[in-house]
Amino acid sequence: MARMYDFAPNAAQTKPELYAELAAATDAVTADEPDAVANMANVAALIWQFVPDLNWAGFYRMVDGGLVLGPFIGKPACIRIALGQGVCGAAAARGETQLVADVHAFPGHIACDAASASELVVPILRDGAVVAVIDLDSPIPARFDPADAAGIETLAQAIAQRI
Ligand code: SME
């Protein structure tokens, strides 16, 4: 059945509250939908709606041993990223979140949008293997902190079986 989603993030809430609401909205939107592209598209849109001060939010998927661009909001981006390359490739290769306060200081950072100043990349693991990463970029230096990382990590686990 077609339906409209109308989530209203509250700017006054704490980060844990914000990410709890984002997780609830994500669960509501993806629960009954098996299509990975549809779910990643909606999750990118929800992240964009809930998380302030972003200039890029979306997915890279692991395809044949490398990362390939997935659904996102933002400027057109680099399509393929080798494992170990850039912030996304580092997150995928290590299976670990990358919290980068200053992208210009990160060795090998790939500039898709000159406005990006800081970045958060969280791997999505399924059965112990990285299947995708969630990439958030901000024009504000040091925009992301461990509360953002924890919120996106929880989201990543929640959608691992739905993408
Ligand atoms: N900056 C990323 C590339 C992807 S764009 O930010 C969307 C990186 O270094 O992996």
Side-chain angles (χ1 to χ4, degrees), residues 7 9 15 18-19 22-23 25-26 29-30 33 35-160 162-163:
F7 299 106
K15 285 188 181 183
L18 181 154
Y19 285 107
L22 173 59
T26 294
V29 166
T30 61
E33 179 49 63
D35 189 273
V37 172
N39 286 339
M40 286 187 279
N42 264 336
V43 174
L46 283 172
I47 292 171
W48 185 262
Q49 191 182 0
F50 276 74
V51 183
D53 302 318
L54 302 180
N55 62 306
W56 204 92
F59 292 83
Y60 279 89
R61 300 156 298 126
M62 191 74 94
V63 180
D64 297 333
L67 292 173
V68 183
L69 183 64
F72 69 95
I73 313 287
K75 287 188 177 171
C78 176
I79 298 166
R80 291 179 185 269
I81 299 176
L83 276 199
Q85 203 190 340
V87 185
C88 291
R94 298 173 196 165
E96 292 171 3
T97 294
Q98 304 293 307
L99 189 56
V100 182
D102 175 5
V103 294
H104 304 295
F106 188 95
H109 166 253
I110 302 161
C112 290
D113 182 344
S116 297
S118 58
E119 184 161 2
L120 171 63
V121 183
V122 173
I124 301 176
L125 285 92
R126 190 163 60 218
D127 302 325
V130 176
V131 294
V133 301
I134 301 174
D135 182 15
L136 306 188
D137 285 30
S138 174
I140 299 173
R143 157 68 182 81
F144 306 104
D145 64 17
D148 296 293
I152 298 298
E153 284 168 353
T154 301
L155 190 70
Q157 286 171 17
I159 61 171
R162 297 181 182 180
I163 64 158

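Given the structure is predicted, the values throughout are model-derived calculations rather than measurements. Order of appearance sets the numbers: ligands from 1, and atoms from 1 within every ligand. Side chains are part of it too, since the values below use all heavy atoms of this structure and drop only hydrogens, waters and symmetry mates.
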Would you please write out the protein residues whose heavy atoms approach any atom of ligand 1 to under 4.0 angstrom, listed by chain and number? W56, Y60, A77, I81, G86, V87, C88, H109, I110, C112, E119, D135, D137
CG-CG distance between L18 and L22, expressed to the nearest 0.5 angstrom: 6.5 Å
CG of L67 to SG of C88: how many Å apart, nearest 0.5 Å? 6.5 Å
Under the rule for salt bridge (charged side-chain N to carboxylate O under 4.0 Å, His left out), what residues qualify as partners of D145, not counting sequence neighbours? K15
Do E153 and P146 make a side-chain contact, defined as non-hydrogen atoms from C-beta onward lying under 4.5 Å apart? no
Residues which pass side-chain hydrogen bond (donor to acceptor under 3.5 Å, both in side chains) with S116, listed by chain and number, not counting sequence neighbours: N55, D137
Quick one: ring-ring contact (aromatic ring centres under 6.0 Å, His included) pairs with a partner in residues 56-101, sequence neighbours left out? W56-Y60, W56-F72
